[in-house]
Student: 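Here's a structure for you.
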Amino acid sequence: MSLINTRVVFPAKYLAILEQQEIAESLQPDQTLIKNLYTLISSGTELALYTQSHVGFGNPKVPWAKYPYYPGYAAVGRVEAIGVAVDRMAVGDILLYLGAHQAYAVLSDADLRVKVAGDIPLAWVPYACIAHISNTARWVSQAQPGETTAVVGLGLVGHLAAQLFQIFGASTIGLDIVPFRRSVAQAVGIGLVVDPGEDVTAAIRAAAGGRGADSVVEATGNPDLIGAALRAVRPRGEVILLGSPRGQATIDVYDDIHRNGAILKGAHVGLLPRVSTEGKLDRQTVIQQMLELIRQRHLVVEPLISEIIQPSDIDRGYRVLLEEKDRTLSVLIQWA
């Protein structure tokens, strides 16, 4: 027997549609059938793939960045059935996992998934997947409690990064040119929220008391801002690239890095293994940590939910994120 699944696909640039596929209801021994409740659209990577601006297009080293593309990596669902060898899950369990936008999913033992406690609103749960990406900036950072961290770009990933640096003791400055994003950051208590105008370097230096920030997190993915961020850090400060750069950057290596002793770091989530190896930190552990911060209301996500849409509204959901940044921070898809 088979089950009809509905999933989101990008068949071409600027187009998101639904398609149906058959999936087998009979499971392999180690498989789990999930019925999705919510999936969260990533307004960074997914929009870059939707608009064909992702650097992977045309790069043979990135074979997955091609059309048709099946987006999504933040999902929460209910266990509908389990294989005979599954002993850590039960029918009815709620799972958070790195899943695509679709009505059903089949997971195996090798897939990353976290069991969700019952005392957290389920619409909040997928934000732990995005937060574990944001947390990569804090993980690679040398920042100490009490030091100044400036986060450039208060989209979803940058906003969560600003909260995480603040939770762990930083004096946080959030910068964004969009008033709506600044108002949300102020509402959740980010220490200092600034409109950088046309001069990001000057805005950060002024907000940090003139000496430059100890750490600057570039969360927009705009390569033109990397040089500005390097000029905004104190001597021997750090710039962390959290947003995936959408193109080439021009940097004054001598003045901005060599003479100033600045450190430029990448913070791609792929630096962390999916599961624990040799006792090192892994993505599953970080997702569990982020989920617990959300459950305890330390990491605030409810004001970040701009809209909850039905699957039939999927193309409008992407266009809202792309075209209405003055009122939209994130969009959830409700499947059940």
Side-chain angles (χ1 to χ4, degrees), residues 7-18 38-54 57 67 69-75 100-101 121 123-127 129-131 133-134 151-163 174-188 190 193-198 200 203 217-225 242-247 299-335:
R7 59 181 179 173
V8 176
V9 61
F10 299 161
K13 183 178 179 179
Y14 291 113
L15 184 60
I17 63 173
L18 298 177
Y38 294 97
T39 58
L40 172 61
I41 296 176
S42 159
S43 54
T45 299
E46 287 186 45
L47 278 187
L49 290 157
Y50 178 75
T51 60
Q52 208 174 8
S53 61
H54 192 281
F57 285 98
Y67 297 132
Y69 180 78
Y70 296 89
Y73 56 83
H101 301 306
W124 297 4
V125 170
Y127 289 84
C129 289
I130 306 298
I133 296 170
S134 301
V151 179
V152 181
L154 296 174
L156 188 56
V157 168
H159 184 102
L160 291 168
Q163 285 200 53
L175 299 98
D176 203 292
I177 61 173
V178 179
F180 169 71
R181 292 179 174 181
R182 297 199 303 271
S183 69
V184 174
Q186 290 168 336
V188 302
I190 298 301
V193 182
V194 175
D195 178 0
E198 296 183 359
V200 171
V217 178
E218 204 302 296
T220 70
N222 181 353
D224 293 337
L225 293 179
L242 177 59
S244 296
R246 312 297 183 201
L299 187 59
V300 181
V301 300
E302 188 172 19
L304 313 184
I305 304 174
S306 304
E307 192 167 344
I308 299 176
I309 65 170
Q310 298 301 305
S312 58
D313 238 0
I314 186 60
D315 196 63
R316 188 184 68 82
Y318 282 99
R319 291 192 176 275
V320 162
L321 282 169
L322 182 65
E323 299 168 1
E324 301 183 26
K325 298 182 187 297
D326 58 339
R327 71 168 191 89
T328 308
L329 197 56
S330 70
V331 173
L332 282 167
I333 307 169
Q334 185 176 30
W335 294 92

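Values reported hereafter were calculated over all heavy atoms of this structure, with side chains retained and with hydrogens, waters and symmetry mates removed. All figures in this text were calculated on a predicted structure; none of them were measured in a lab.
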Student: For residues 154-163, dump all side-chain donor-acceptor pairs below 3.5 Å to protein atoms at least two apart in sequence or in another chain.
Tutor:
{"unit_1": "H159", "atom_1": "NE2", "unit_2": "Q163", "atom_2": "NE2", "d": "3.2"}
{"unit_1": "Q163", "atom_1": "OE1", "unit_2": "V300", "atom_2": "N", "d": "2.9"}
{"unit_1": "Q163", "atom_1": "NE2", "unit_2": "V300", "atom_2": "O", "d": "2.8"}

Student: If you measure from CG on L321 to OG on S330, what distance do you get to the nearest 0.5 Å?
Tutor: 7.5 Å

Student: Nearest 0.5 Å, what's the CG-OG distance between L332 and S306?
Tutor: 9.5 Å

Student: Compare all side-chain heavy atoms of L49 with those of F10 and state whether any distance is below 4.5 angstrom.
Tutor: yes

Student: Tell me, with the steps shown, if V200 and V152 meet side-chain contact (heavy atoms from CB on, under 4.5 Å).
Tutor: CA-CA 8 Å; V200 171; V152 181; 4.2 Å; yes

Student: What are the two closest heavy atoms between I177 and G197, and how far apart are they?
Tutor: CG2-O, 3.9 Å

Student: What are the two closest non-hydrogen atoms of D176 and R182, and how far apart are they?
Tutor: O-NH1, 2.9 Å

Student: To the nearest 0.5 angstrom, please state how far the CD atom of E46 sits from the CG atom of L322.
Tutor: 13.0 Å

Student: Tell me every residue that passes ring-ring contact (aromatic ring centres under 6.0 Å, His included) with Y127, counting only those two or more places apart in sequence or in another chain.
Tutor: none

Student: Can you name the nearest heavy-atom pair linking A123 to I305, along with the distance?
Tutor: O-CD1, 4.2 Å

Student: Taking atom types as modelled and ignoring hydrogens, do the side chains of S42 and Y73 form a donor-acceptor contact shorter than 3.5 angstrom?
Tutor: yes

Student: Just how far is it from atom CG of D315 to atom CG of L18, taken to the nearest 0.5 Å?
Tutor: 9.5 Å

Student: Y14 versus Q52: any side-chain heavy-atom pair under 4.5 Å?
Tutor: no

Student: Does the side chain of E218 come within less than 4.5 Å of T220's, by heavy atoms?
Tutor: yes

Student: Could you grab the distance from atom NE2 of H101 to atom CD1 of I333, nearest 0.5 Å is fine?
Tutor: 4.5 Å

Student: Got more than 12 heavy atoms from elsewhere within 6.0 Å of CD, E198?
Tutor: no

Student: Would you say that E323 contacts T328 through its side chain, given a criterion of any heavy-atom pair below 4.5 Å between the two side chains?
Tutor: no

Student: Please examine the side chains of L329 and F180, heavy atoms only from C-beta on, and report whether any two atoms are closer than 4.5 Å.
Tutor: yes

Student: Quick one: side-chain hydrogen bond (donor to acceptor under 3.5 Å, both in side chains) partners of S183, sequence neighbours excluded?
Tutor: none

Student: How long is the span from the CD atom in E307 to the CD1 atom in I41, to the nearest 0.5 Å?
Tutor: 9.5 Å

Student: Do you know the tightest heavy-atom contact between P126 and A74?
Tutor: O-CB, 3.7 Å

Student: Partners of Y38 by ring-ring contact (aromatic ring centres under 6.0 Å, His included), sequence neighbours excluded?
Tutor: none

Student: Considering non-hydrogen atoms only, spot the tightest contact between K325 and L47 and give its length.
Tutor: NZ-CD1, 4.3 Å

Student: What residues, two or more places apart in sequence or in another chain, satisfy ring-ring contact (aromatic ring centres under 6.0 Å, His included) together with H54?
Tutor: W64

Student: How would you list, by chain and number, every residue that makes a ring-ring contact (aromatic ring centres under 6.0 Å, His included) with F57, sequence neighbours excluded?
Tutor: Y67

Student: Please verify the inter-ring angle class for Y50 with Y318; under 30° counts as parallel, over 60° as perpendicular, anything in between as tilted.
Tutor: parallel

Student: Would a 4.5 Å heavy-atom cut-off, applied to side chains only, mark V8 and I17 as touching?
Tutor: no

Student: Which heavy-atom pair separates G317 from V331 by the least distance, and what is that distance?
Tutor: O-CG2, 4.2 Å

Student: Regarding R316 and E324, does a basic nitrogen lie under 4.0 Å from an acidic carboxylate oxygen?
Tutor: no

